[in-house]
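One structure is given here, and the rest of the page talks about it.
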Amino acid sequence: MIDYDELIQLAKDSGFTNAGPLDVSTLEFLPEVRDMCASDRCQSYNKSWACPPACGSLDDMREKVKAYKKGLLVQTVGQLEDNMDWETMEETAKKQTQHFEKLLEVLEKKYPNLLAMGTGTCTRCKPCTYTEGKPCRFPDRLVYSMEACGLFVSKVCTDNGLKYNYGPNTVAYTACFLLE
Ligand code: SF4
């Protein structure tokens with residue numbers, strides 16, 4: 001039985017601005033989202049075991065998540081000076097990664113079989129062994145990005161009662177953990 005009050009507090013203690021329950025049955029793995037990876041805007045395409053084309057098909061992903069019913073959504077929200085404030089956007093993205101790695105360490109002790117889906121690509125090893133032509137070091141523990149899984153992040157948030165847009169001059173980064 002998941003204690004969401006405790007989990008949300010753990011997420012806040014890790015630095016996240018917001019967190020809330022995730023109903024895994026709401027997740028839709030959309031080819032049109034996955035297709036955007038190939039444009040390589042995040043510069044991770046074909047550079048990680050956790051991103052396309054190496055991360056497997058959307059059907060593989062659907063198969064993996066079958067084992068889960070409940071999870072946790074987490075967000076870091078940044079306040080921008082204006083909509084060209086790239087520095088704060090980058091800082092907020094870095095904070096999101098730090099918060100994610102901190103909470104991942106805590107949750108892995110409580111849920112050893114969790115499936116983590118981050119804001120960007122897997123950062124467990126630097127660099128990812130994919131770039132060296134070697135096998136993934138932690139094939140059971142790698143972190144997929146939500147977009148690489150074909151998840152439309154804003155829809156995942158709204159489907160689960162968490163805001164995605166915090167108003168003008170804000171930026172929000174979202175990730176999730178599939179727990180049980
Ligand atoms: S666990 Fe390491 S080798 Fe595997 S995808 Fe993540 S960064 Fe790459």
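Start at 1 and go down the list; that is how both ligands and their atoms are numbered. Computed from a prediction, not measured in an experiment: that's the story for all the values here.
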(request) Could you tell me whether Glu101 and Arg124 make a salt bridge, using a distance below 4.0 angstrom between a side-chain N and a carboxylate O? (result) no
(request) Flag the pair Glu91 and Lys94 as a salt bridge only when some basic side-chain nitrogen lies within less than 4.0 angstrom of an acidic carboxylate oxygen. (result)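 No, this pair does not count.
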Can you list the ligand 1 atoms lying under 4.0 Å from a non-hydrogen atom of [X]?
| X | result |
| --- | --- |
| Arg137 | 3 (S), 4 (Fe) |
| Cys136 | 1 (S), 3 (S), 4 (Fe), 5 (S) |
| Cys128 | 3 (S), 5 (S), 7 (S), 8 (Fe) |
| Thr129 | 3 (S) |

(request) In sequence, state the C-alpha distance, the side-chain angles, and the governing distance for Thr26 and Asp23, and then conclude on side-chain hydrogen bond (donor to acceptor under 3.5 Å, both in side chains). (result) CA-CA 6 Å; Thr26 64; Asp23 173 357; 5.4 Å; no
(message) Apply side-chain hydrogen bond (donor to acceptor under 3.5 Å, both in side chains) to residues Asn165 and Ser154 and explain how you reach the verdict.
(response) CA-CA 8 Å; Asn165 187 336; Ser154 61; over 6 Å; no
(request) Kindly determine whether Thr76 and His99 satisfy side-chain hydrogen bond (donor to acceptor under 3.5 Å, both in side chains), including the steps that lead there. (result) CA-CA 8 Å; Thr76 305; His99 302 159; 3.0 Å; yes
(message) Just checking: Cys125, one of its N/O/S atoms, less than 2.8 Å away from atom 2 (Fe) of ligand 1, yes or no?
(response)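 Yes - counting backbone and side chain alike, Cys125 has an N, O or S atom under 2.8 Å.
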(message) Suppose we measure from atom 6 (Fe) of ligand 1 to each protein heavy atom; which comes out shortest, and what is that distance?
(response)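 Going by distance alone, atom 6 (Fe) of ligand 1 is nearest to Cys122 SG, 2.3 Å.
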(request) Quick one: look up the protein heavy atom nearest atom 5 (S) of ligand 1 and list residue, atom name and how far away it is. (result) Trp49 CB, 3.5 Å
(request) Report yes if the distance between the aromatic ring centroids of Tyr68 and Phe177 is under 6.0 Å, otherwise no. (result) no
(request) Consider ligand 1: state whether an atom of it lies below 4.0 angstrom from any non-hydrogen atom of Tyr130. (result)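 For ligand 1, residue contact (heavy atoms, under 4.0 Å) with Tyr130 is absent.
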